[in-house]
Amino acid sequence: MEKNYNHQLESQIYHKWEISGFFNPDYLPNAKSKKGLKKYFSIIMPPPNANGSLHMGHAVFITLQDILIRYHRMLGYITLWLPGADHAGFETQVVFDKKLEKEGRNRFKIPKEKLYQEMLKFTLNNKEKMKNQLKILEKEGRNRFKIPKEKLYQEMLKFTLNNKEKMKNQLKILGASCDWSREKFTLDKDIIDIVYQTFEKLKKDGLIYKGERIINWCTKHQTSLSDLEIKYEERTDPLYYIKYGPLEVATVRPETTFGDIALAVHPDDKRYKNFIGKIIDIETVLGKKQIKVISDKAVNQEFGTGIVKVTPAHDLVDFEIWQRHKNEIPPPRQVIDNYGKMNDLAGPYKGLNVKEARKKICEAMIKKGLLDPQKTDNQYKHNVALCYKCKTIIEPLILKNQYFIKMTQKPKSGSLSLRDMAIQAVQKGEIKFYPKRFTKIFLNWMKDLKDWNISRQIPWGIKIPEADTDDVFDTWFSSAQWPFATLLATSQSKTKNFYPKIDLFKKNKQIKILSDFEKFYPTSVMETAWDILFFWVARMIMLGLYVTKKVPFKDIVLHGLVRDAKGQKMSKSKGNVIDPIEMANKYGADAIRVSLVLGTALGNDQSISEEKIKSARNFVNKIWNIGRFLKYKNLTIFNEKENLIDPDKLSLADKWILTLFYKTLKDCQKYLKNYKFNQALEKMNNFIWHEFADWYIEISKSEKANVRSEILRYVFTEVIKILHPFLPFVTEKLWEDLNGQGLLIIAQIRKLDKKLYFKRETAQFEKIKQKIIDIRKKEPTKSIKVIFEELNKL
RNA sequence: GGGCGUUUAGCUCAGUGGUAGAGCGCACCCUUGACAUGGGUGAGGCCAAAGGUUCGAUCCCUUUAACGCCCACCA
C-alpha cells in the first residue's frame with residue numbers, strides 16, 4: 001500500500017462498480033430473495049441541464065443523493081437512483097444563442113456574398129469602426145431567427161446530446177452510483193409521449209385553456225416567459241403628466257398612448273364622479289380622438305392624478321381592467337411589435353424602439369401643450385420587469401394561442417384543483433420538507449398561485465401538439481412529470497399508451513413482475529437546491545398527484561447554493577468559479593464530497609474553497625493510513641460470517657471502543673435519517689480520527705493493553721462501511737486491499753447490538769485516558785504507548 | 001407591503017435548555033516503527049442588543065438593529 005492515498009485510481013474503482021451491475025436494483029443480491037417484504041428506496045435525479053459542464057451546485061446534489069443511495073443500498077434496500085438529463089428549453093436556447101454569437105465572430109462562417117454586399121454598404125475608412133461593424137454583421141450572420149427552425153433544432157439536439165455525454169462522465173468522476181441503464185432524457189420518445197398524454201388529460205379535465213392573453217415577452221429571446229422567469233429591478237424613470245382633454249393622467253409610458261382604449265378612475269373617487277361612463281373628446285399627438293371613462297377598483301386614488309390610461313395590450317393590470325369591462329370598451333390595441341418597436345398604429349413613430357419613441361412622443365406632446373414638463377417627476381422610482389437571463393425589459397404583449405394551465409380550478413374528474421391537491425398533501429404530512437422551514441415558504445407561495453403559461457416560442461423543446469402553433473412547452477411542464485414519467489418509461493410494456501398502466505397496476509394484482517413504477521413510485525426522496533422549489537418541486541407535486549393520485553416523493557430535501565470562500569456567488573465574470581472536476585482531478589472525488597458535506601447545515605448556502613477541499617483530502621488520507629496500519633499488522637476486513645469474540649475475553653480498551661462506536665453509529669444513523677449529513681459525517685470523523693486512531697490504535701501498540709485484533713478489525717470494518725456513502729472510493733479501495741469479500745458497495749451495515757455496550761468499563765477507560773493526557777501535558781514527547789505502560793506498572 | 005433566513009474564535013461555518021466547537025490561519029514543540037496530507041501544547045468568543053419564561057438561556061418567547069434572500073407590485 002502506498003503511503004498516501006492515490007486518488008488517480010478512482011476511475012478504476014468506478015469502473016469496477018459499474019460492471020458489477022449493482023447500480024442496477026435488478027441485480028442487487030437481495031432483489032431476488034423471495035423472503036420477507038421487499039424494501040424499496042428510490043431517488044429520481046434532478047436532471048442537470050444538458051447545456052454545459054458540471055458546476056459545484058451539481059456536485060452538491062450528486063454527493064448528497066449518492067450518500068442516501070449508497071447508505072440505503074447497504075441497509076439492504078432495493079435501491080434505484082435514476083439519472084436523467086433535461087433539455088432545459090429556454091436555458092439551453094440562451095446558451096446556444098451565445099454560442100452562435102461567438103461562432104459568428106469567425107467571419108468565414110458567414111456567407112461570402114452577404115459579407116461582400118454588406119461591406120460595400122458600409123464603406124468605412126476607420127479600421128476600428130469597420131471592425132465593430134463587422135462584428136455586428138457577423139452576429140447577424142448566425143442569428144437564430146434567420147436559421148430554419150428544423151435545422152436549428154437538429155443542431156441543438158446534437159449540441160445537447162454531446163453535453164449530456166460530457167456531463168455523464170463528470171457524474172461518474174464524482175462517484176454517482178446511479179443506474180445508467182435506466183437513464184432518461186426529457187426528449188426521449190417515450191417521455192414525450194407521456195407528456196402529451198398528460199396534456200390531453202388536462203385538456204379533457206378542462207384545466208387547459210388556450211387564449212389570447214397578455215404574456216411576458218422577452219424581445220431579445222423572442223419568447224414568452226412565465227411569472228417565475230421574471231426578475232424585478234428598481235429603476236428611476238420620469239413620471240409624466242399628460243392631458244387627456246379635461247383630464248390628466250400620470251404615466252411612465254407615454255409611447256403606449258396609441259393603445260389607449262379607455263381612462264379608468266376609482267368608483268369612489270369624488271373628483272371624477274361625473275365623468276364615469278361618459279365619452280370625452282381629447283387631443284392627442286395624432287389629432288382629435290374620443291375616449292370613454294370607466295370606473296374600476298384597481299385604480300389607486302392616491303397615485304398620480306387618480307386616473308389610469310387603460311392600455312390592455314401592454315400592461316398586465318390594464319389587461320385585467322379590460323377583461324372586466326369588455327362590453328363597454330373597445331378591444332386591446334397593440335402598438336408595439338415583438339421586437340419592441342412601434343407599429344403602424346404609432347403613425348410617424350413606426351419603427352422606432354420604445355426608448356426612442358418615448359422621447360420623440362414626449363417632445364411632440366410638449367409642443368402641443370399636452371405634457372407639462374414642469375410637472376414631470378424625474379425621481380419616480382418603480383420596479384421594472386426584466387428577463388431573468390438577459391435583463392432585457394419585459395414587454396407585456398398579447399399573444400394568440402397561448403396555453404395556460406388552471407391552477408385553482410377543480411378538474412372535471414376530481415374534487416381538488418392542482419393547487420389544492422398539493423397543499424393538502426403537504427398539510428397532511430404526506431410530503432415532508434427538510435429543513436422544515438420550507439413548508440411555510442411553500443404553502444405561502446401556493447396561496448397566491450396564478451395560471452401557468454406553458455407556451456414558449458423558442459425552437460428548442462417539446463412541440464405543442466396542435467395544428468395552429470409552432471410553440472413548444474415550457475421546459476418545466478415536462479420536468480414536472482419527471483418522477484412518474486421516467487418510471488413509467490422504464491417499466492416494461494408493449495403498449496405505447498402509458499397512462500392505462502397506472503390503473504392497471506391498481507386493479508390487476510396478478511401481475512407477477514413488478515414494474516419500476518410499482519416498485520419505486522412514489523419515490524423516497526426528492527433532493528434538490530431550494531432555488532427551484534417553485535419552478536420544479538411544486539409543479540412536480542401538483543402534476544404527480546394529478547396524474548398518479550399519489551405524491552411523487554415522500555421527503556423533500558433542499559440544499560443551499562454554493563458560494564466562494566468569501567460567501568460571494570460564483571460566476572465566470574468574477575473569476576471565482578471552483579470547478580468540481582478540476583478539484584476532483586487534483587484532490588480526488590472523496591475530498592470534494594467531504595468538503596461539501598462537512599461544516600454546512602442543510603438548506604443553508606455554503607462557502608467552498610480550495611483550502612477546504614485540501615483539508616477534506618487530509619481526512620481521506622487519514623482514513624487511508626488507518627487502513628495501512630491494519631495492513632502493516634496483517635489484519636483484514638472483518639468477515640460477515642465471523643462471530644464476535646466472547647465479551648469476557650475483551651480488554652478494557654476493546655470494551656471502551658466498542659461502546660463508543662455503538663454510540664457513534666447510533667447517532668450517525670439518527671442524523672442520516674433526518675438528512676443531517678454534516679452531523680452524521682462529523683460524528684464519524686471525530687470517532688475514527690480522535691478516538692479510534694489517536695487512542696485505540698495507539699494503546700493497541702502496547703501489548704500490555706491486550707487489545708483484541710478482532711475488535712480492531714471489527715470496528716474498522718464497520719466504520720469503513722458507514723463511511724462508504726460519504727467517501728466511496730477510498731473505502732472501497734481499503735476494502736479491497738484488506739481482503740474484504742466482494743465489493744463494499746453492497747456490504748451490509750450491521751444492526752446495533754446492545755451486547756457491545758459497556759458503560760462501566762467505558763468510564764474506567766476514560767479515566768485512564770485523562771491521566772495520560774495530564775502526563776503528556778508535562779511530557780509532550782512521550783508516546784501514549786510508553787505512558788500507558790508506565791501507568792500499568794504502578 | 002408579505003414571508004424567510006443570517007448575526008458564535010482572525011476567516012469559513014457547525015452545534016446544544018446545564019462548564020462554548022470544527023476546519024483553515026497563528027505561536028511553540030515533536031520526524032515515535034499507519035499517517036508531517038501527521039501528532040502535541042497554546043493564544044483567541046460577555047454565542048448581535050434589550051427584555052421575558054426557567055433553578056439555569058448562545059439555544060425557547062417578545063422587541064430592536066444590521067445584512068442577505070424570496071414573493072407581490074399602482075399607471
Side-chain angles (χ1 to χ4, degrees), chain A residues 1-5 227-228 231-232 234 239-240 242 249-254 256 260 263-264 266 298-311 314-318 321 380 382-385 435 437-438 440-445 447-450 530-531 533-534 560-561 563-567 569 587-588 591 594-595 598-601 603-633 676 678-679 681-682 685-686 689-690 693-694 697-698 701 773 776-786:
Chain A
M1 283 175 78
E2 290 180 48
K3 199 172 173 187
N4 291 333
Y5 169 62
D227 294 334
L228 281 176
K231 295 290 151 222
Y232 288 91
E234 195 178 78
L239 180 69
Y240 305 100
I242 299 169
V249 171
T251 182
V252 283
R253 303 205 59 183
T256 62
D260 297 340
L263 295 179
H266 194 275
V299 181
N300 180 357
Q301 298 182 50
E302 313 292 321
F303 188 89
T305 60
I307 306 174
V308 177
K309 63 187 205 62
V310 184
T311 323
H314 299 291
D315 189 280
L316 280 86
V317 176
D318 291 9
I321 294 178
Y380 176 61
H382 65 148
N383 287 323
V384 179
R437 67 168 184 273
F438 285 105
K440 202 173 176 184
I441 295 175
F442 174 82
L443 290 174
N444 196 42
W445 184 73
K447 211 171 55 194
D448 301 317
L449 206 54
K450 283 182 182 169
W530 58 254
D531 62 338
L533 177 60
F534 304 140
L561 310 181
R563 296 167 186 283
D564 76 358
K566 289 171 191 166
K569 216 171 173 179
Y587 300 106
V594 168
S595 72
L598 278 182
T600 171
N604 288 356
D605 290 354
Q606 60 175 308
S607 293
I608 190 86
S609 61
E610 190 160 344
E611 291 305 312
K612 204 175 165 187
I613 297 168
K614 235 186 230 178
S615 80
R617 188 268 317 262
N618 294 351
F619 173 53
V620 174
N621 194 52
K622 184 72 186 181
I623 290 165
W624 173 256
N625 274 296
I626 293 169
R628 217 167 137 242
F629 175 76
L630 266 77
K631 187 80 185 173
Y632 167 79
K633 290 274 179 191
K676 299 195 169 184
N678 58 327
Q679 293 192 70
L681 182 54
E682 231 169 86
N685 177 343
N686 190 56
W689 197 324
H690 300 298
D694 288 356
I697 285 186
E698 289 306 321
K701 287 175 183 171
I773 290 171
R776 288 198 92 191
K777 271 184 188 171
K778 290 168 203 158
E779 299 171 272
T781 53
K782 257 189 191 172
S783 74
I784 289 177
K785 178 186 163 184
V786 171

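As the structure is a prediction and not an experimental result, all values here were calculated from the model. A note on names: the letters A, B, ... follow the listed sequences, proteins ahead of strands, and every chain is numbered from 1. Computation of the quantities below employed the complete heavy-atom set of this structure, encompassing side-chain atoms and omitting hydrogens, waters and symmetry-equivalent molecules.
Here A:Val252 lies in heavy-atom contact (under 4.0 Å) with sugar-phosphate atoms only. Within the 4.0 angstrom heavy-atom criterion, only backbone atoms of the sugar-phosphate kind lie near A:Asn444; the bases stay farther away. Using a 4.0 Å heavy-atom criterion, one finds that A:Arg437 contacts the sugar-phosphate atoms exclusively. Contact annotation for A:Val786: no contact, since no heavy-atom pair falls under 4.0 Å across all strands. Contacts of A:Glu698 with the nucleic acid, taken as non-hydrogen atoms under 4.0 Å apart, include base atoms. Using a 4.0 Å heavy-atom criterion, one finds that A:Asp694 contacts the sugar-phosphate atoms exclusively. Within 4.0 Å of A:Ala264, counting heavy atoms only, lies no atom of the nucleic acid at all.
Residue A:Asp227 places its side chain closer to B:A72 than to any other of B:A34, B:C73, B:A72. Nearest to the side-chain atoms of A:Asn625 among the listed nucleotides B:A34, B:G5, B:C73 stands B:A34. Here B:G33 is the nucleotide among B:C73, B:G39, B:G33 with the atom lying nearest to any side-chain atom of A:Lys785. Comparing B:A34, B:U37, B:G3 by their closest approach to the side chain of A:Tyr632 singles out B:A34.
The distance from atom CZ of A:Arg776 to atom C1' of B:G40 is 6 Å, rounded to the nearest whole Å. Note: CG (A:Asn383) to C1' (B:A75) measures 14 Å, nearest angstrom. Atom C1' of nucleotide B:C74 and atom NE2 of A:His382 are separated by 11 Å, given to the nearest angstrom. The distance between atom NZ of A:Lys782 and atom P of B:C30, rounded to the nearest whole Å, is 17 Å. Following rounding to the nearest Å, A:Lys3 (NZ) and B:U31 (P) show an atom-to-atom distance of 15 Å. With rounding to whole Å, A:Leu316 atom CG is found 11 Å from B:A72 atom P. Whole-Å rounding puts the A:Asp605 CG to B:U7 C1' distance at 15 Å. Taking atom CD1 of residue A:Ile321 and atom P of nucleotide B:C73, one finds them 14 Å apart after rounding to whole Å.
Here the closest non-hydrogen pair linking A:Lys3 and A:Asn621 is O-OD1, 4.4 Å. Heavy atoms only, all atoms of each residue included: A:Phe629 and A:Lys701 are closest at CE1-CE, 3.9 Å. Nearest heavy-atom pair across A:Arg253 and A:His314 is NH1-O, 4.0 Å. The shortest heavy-atom contact between A:Ala616 and A:Val594 is CB-CG1, 3.7 Å. Between A:Thr305 and A:Ala250 the shortest heavy-atom distance is OG1-N, 4.1 Å. Shortest non-hydrogen contact noted between A:Ala693 and A:Lys622 is CB-CE, 4.2 Å.
For B:A65, the paired base is B:U7 (Watson-Crick or G-U wobble, both distances below 3.5 Å). B:U12 and B:A22 make up a base pair, with Watson-Crick or G-U wobble contacts both under 3.5 Å. Both distances falling under 3.5 Å, in either a Watson-Crick or a G-U wobble arrangement, occur for no nucleotide opposite B:C59. A 3.5 Å limit on both hydrogen-bonding distances identifies no Watson-Crick or G-U partner for B:G33. Applying the Watson-Crick and G-U wobble criteria (two distances, each under 3.5 Å), B:C74 pairs with nothing in any strand.
Rounded to whole Å, the C1' atom of B:G38 lies 11 Å from the corresponding atom of B:U32. Annotation: B:G40 and B:U6 have their C1' atoms spaced 36 Å apart (nearest Å). For the P atoms, the distance from B:A50 to B:A65 is 15 Å, rounded to whole Å. Spacing of C1' atoms, B:C59 relative to B:U16, comes out at 7 Å, to the nearest Å. Atom name P, nucleotides B:G21 and B:G44: the rounded distance is 15 Å, in whole Å. Taking atom C1' on both nucleotides, B:A43 is separated from B:C28 by 11 Å, rounded to a whole Å. B:C67 sits 26 Å from B:A75 when the P atoms are compared, rounded to a whole Å. Distance check on atom P: B:A20 versus B:G52 gives 23 Å, rounded to whole Å.
Aromatic ring pairs are classed by plane angle as parallel below 30°, tilted from 30° to 60° and perpendicular above 60°; the pair A:Phe534 and A:Trp445 is parallel.
Every side-chain contact (heavy atoms from CB on, under 4.5 Å) that A:Asn444 has, sequence neighbours left out, goes to A:Lys447. For A:Glu779, the salt bridge (charged side-chain N to carboxylate O under 4.0 Å, His left out) partners two or more places apart in sequence, or in a different chain, are A:Lys782. Not counting sequence neighbours, A:Tyr240 has no partner by the ring-ring contact (aromatic ring centres under 6.0 Å, His included) test.
Counting non-hydrogen atoms of neighbouring residues, nucleotides and ligands closer than 6.0 angstrom, the CD atom of A:Glu302 reaches no more than 12 such neighbours.
When the side-chain nitrogen and oxygen atoms of A:Lys440 are compared with OP1 and OP2 of B:G5, none of them lie within a distance under 4.0 Å. Between A:Lys450 and B:C73 there is a side-chain N or O to OP1 or OP2 distance below 4.0 Å. At B:A34, one or more side-chain N or O atoms of A:Lys701 fall inside 4.0 Å of OP1 or OP2 (strictly under the cut-off). A sub-4.0 Å separation between OP1 or OP2 of B:C13 and a side-chain N or O of A:Ser607 is present.
Atom CE of residue A:Met1 and atom CH2 of residue A:Trp624 lie 3.5 Å apart, to the nearest 0.5 angstrom.
Toward the 5' end of RNA chain B, the nearer of the two residues A:Phe629 and A:Glu302, judged by each one's closest nucleotide, is A:Phe629. Projected onto RNA chain B by closest heavy-atom contact, A:Thr251 and A:Lys777 fall at different nucleotides, the more 5' of which corresponds to A:Lys777.
Judged purely by distance below 3.5 Å, without hydrogens or angles, the side chains of A:Lys612 and A:Ser607 never pair a donor atom with an acceptor atom. Using modelled atom types, one finds a donor on one side chain and an acceptor on the other under 3.5 Å when comparing A:Asp694 with A:His690.
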I'd like a table of atom pairs between the protein and nucleotides 69-71 of chain B - only N or O on both sides, under 3.5 Å - with the distance next to each one.
unit_1, atom_1, unit_2, atom_2, d
B:C71, OP1, A:Lys231, NZ, 3.3

### Task
Let me see the working for A:Trp530 and A:Leu561 under side chain to side chain contact (heavy atoms under 4.5 Å, CB included), right down to the final yes or no.
CA-CA 8 Å; A:Trp530 58 254; A:Leu561 310 181; 3.9 Å; yes
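Tested against A:Val308, the residues A:Asp315, A:Asp318, A:Val249 include a single side-chain contact (heavy atoms from CB on, under 4.5 Å) partner, A:Asp318.
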### Query
Using a cut-off of 4.0 Å between protein heavy atoms and nucleotide atoms, how would you tag nucleotides 15-27 of chain B 5' to 3' with B, S and -?
S-------SS---
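No hydrogens or angles were tested; on distance alone, nothing pairs the side chain of A:Gln606 with the base of B:A14 as donor and acceptor under 3.5 Å.
A heavy atom closer than 4.0 Å to some atom of RNA chain B occurs in A:Phe303, A:Val308, these being the qualifying members of residues 303-311 of chain A.
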